[in-house]
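A short worksheet on the structure shown next.
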Amino acid sequence: MVALVNFEDRHANPFADVLGQSDQSSGQTYISDLRNEINGHIEHLSPAEDQHPASLHRAMRHSLFGSGKRVRPLLCLLVNEAAGSQGRQFALDAGCAIEMVHTASLILDDLPSMDDAQLRRGRATTHRDFGEATAILAAVGLLNRAYGVIAQHPHVDASIKSQAVEVLSHAVGSNGMIAGQEIDLHERRSFDGVGSIEGLNWLKTGVLFVAAAQMGALAAGLEQRGVEAVREFAKHVGMAFQTADDLVDQSATEDAAGKDVRQDDNIPTLVTLVGKPAAKLSCQEHLQRAREALDASGLEKSRLQALVNNIFGSVA
């Protein structure tokens, strides 16, 4: 069995560090407990490392059980709980499925044909340890397993599962995360404005945050006005997350980040275009808009705010 690595235990919070904020606030014990529950459930849903073909399944688990923050499944579960916890078990499954999709995207993003990264989640990238071909197959395996987890859930109406699959498919597909990766590879170097960078950040990061929140709301049966508010909340958290990640790339060490840094030295990001102070301000503005959307949702917000504090620092 691959050991589950708790991000909080392995590193200080690099986002809080680059934003100059404390990462201690109320609600953090609950967030940590929920993260442990998610880790245990991902273990339950994942193929055993000795299941034939063992090399493929070890590769699938390699990045999945690194020092991931589990932000997306936490968002899915906490939106569900804030909306009353109806369908919580489906939200847990859906959140874990989203984490599998996210991990698959990291494996692909790290490939020699893309970013050619060496370190991810505190470990050698999947292609370094298992070879490029097996890494690609591992990513496909994780994507496939994610949709299977949603489709096979036994205690939710088929229409809810169908809607969840549609939400995830749209977020991942050629108008979502995959589009973001294609644009990143072939168009990004010509970007010269903040609007283009924000549009790319939405595709690469924001869409999956919104999908996570929407699936948690869907499981809870939240009415449409509330769904739109949590989508807006998740959108701005995701946009702030990507900007903070770009700040980490320019400011943190590999040990603190758990991955390669200075990858963005020669490509346009919000940090390289407008500088660190302006990028930090943009991050804070997105977090303020997230707070406003959360206030407008009418949901119990303390634990969702605790998640934001956990990611960005307690005065975010």
Side-chain angles (χ1 to χ4, degrees), residues 5-25 28 31 35 63 66-72 74-75 99 102-103 105-110 114-125 177 180-181 184 188 191 194 197-198 200-209 234-288 290 307-316:
V5 181
N6 190 315
F7 174 84
E8 295 172 313
D9 292 341
R10 189 183 186 279
H11 301 298
N13 186 338
F15 282 12
D17 290 345
V18 297
L19 294 171
Q21 298 171 168
S22 167
D23 62 354
Q24 300 298 316
S25 65
Q28 298 313 303
I31 299 297
R35 185 179 281 114
S63 183
S67 56
K69 295 181 283 294
R70 308 305 193 207
V71 174
R72 294 154 190 82
L74 283 166
L75 181 59
E99 186 66 19
H102 172 58
T103 302
S105 76
L106 298 181
I107 293 172
L108 294 173
D109 191 47
D110 290 338
M114 298 199 193
D115 285 357
D116 195 17
Q118 304 299 300
L119 185 69
R120 176 70 73 172
R121 291 180 163 177
R123 299 177 171 182
T125 47
M177 194 169 61
Q181 185 67 9
D184 192 16
R188 182 177 191 147
F191 287 177
V194 170
I197 294 293
E198 290 273 83
L200 180 60
N201 288 351
W202 160 245
L203 291 172
K204 285 178 66 70
T205 303
V207 290
L208 208 57
F209 273 68
K235 170 188 173 182
H236 288 293
V237 173
M239 299 293 277
F241 187 98
Q242 183 58 57
T243 299
D245 194 57
D246 291 341
L247 282 161
V248 166
D249 179 81
Q250 294 294 300
S251 304
T253 64
E254 286 189 353
D255 183 63
K259 62 178 182 177
D260 294 359
V261 295
R262 308 305 299 238
Q263 292 284 89
D264 299 336
D265 281 355
N266 299 311
I267 61 173
T269 69
L270 203 60
V271 181
T272 61
L273 279 180
V274 302
K276 292 179 185 178
K280 290 179 184 179
L281 180 60
S282 175
C283 188
Q284 294 288 0
E285 289 172 346
H286 277 299
L287 291 173
Q288 176 58 33
L307 175 62
V308 173
N309 294 343
N310 184 268
I311 300 167
F312 299 98
S314 62
V315 294

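Taking the side chain as every heavy atom from C-beta outward, W202 and M239 approach each other to under 4.5 Å. Side-chain contact between I311 and V71: present, with at least one pair of heavy atoms (C-beta onward) separated by less than 4.5 Å. Taking 4.5 Å as the limit, some side-chain heavy atom of D184 sits within range of a side-chain heavy atom of L200. Contact check for H102 versus S105: side-chain heavy atoms found under the 4.5 Å cut-off. Under the 4.5 Å side-chain criterion, counting only non-hydrogen atoms from C-beta, R72 is in contact with F241. In this structure the side chain of E254 reaches within 4.5 angstrom of the side chain of D260, judged on heavy atoms. Counting heavy atoms from C-beta on, the side chains of Q181 and D109 come closer than 4.5 Å. At least one side-chain heavy atom of L106 sits under 4.5 Å from a side-chain heavy atom of R121.
Put simply, CG on L203 and CD on Q242 are 11.0 Å apart, with the number rounded to the nearest 0.5 Å. Atom SG of C283 and atom CG of L247 lie 7.0 Å apart (nearest 0.5 Å). To the nearest 0.5 Å, atom OG1 of residue T272 and atom CD1 of residue I197 are 6.5 Å apart. From L281, atom CG reaches atom NE2 of H286 across 10.0 Å, with rounding to the nearest 0.5 Å. Within the model, atoms CG of L287 and NE2 of H236 stand 10.5 Å from one another, a figure rounded to the nearest 0.5 Å. For the atom pair R188 CZ and T269 OG1, the distance stands at 6.0 Å (nearest 0.5 Å).
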Do V194 and V274 pass the side chain to side chain contact (heavy atoms under 4.5 Å, CB included) test, and can you show the C-alpha distance, the side-chain angles, and the key distance before you say yes or no? CA-CA 8 Å; V194 170; V274 302; 3.8 Å; yes
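When all heavy atoms of I107 and S63 are compared, the pair lying nearest together is CG1-CB, 4.2 Å. In this structure, A290 and V237 approach most closely via the heavy-atom pair CB-CG2, 3.8 Å. Nearest heavy atom pair, residue F209 against residue L75, reads O-CD2, 3.3 Å. Nearest heavy-atom pair across L270 and S282 is CD2-OG, 3.4 Å. V271 and A279 get closest at one heavy-atom pair: CG2-CB, 3.8 Å.
Using a 4.0 Å cut-off between charged nitrogen and carboxylate oxygen, D245 and K259 count as a salt-bridge pair.
Among T103, T125, D110, the one residue that satisfies the side chain to side chain donor-acceptor pair (under 3.5 Å) test with R120 is D110.
Within the structure, the ring pair (Phe, Tyr, Trp, His ring centres under 6.0 Å) test picks out no pair touching residues 245-279 (sequence neighbours left out).
If you check the side chains of N310 and Q28, you find a donor sitting under 3.5 Å from an acceptor. Inspection of the Q250 and D246 side chains reveals no N or O donor paired with an N or O acceptor under 3.5 Å.
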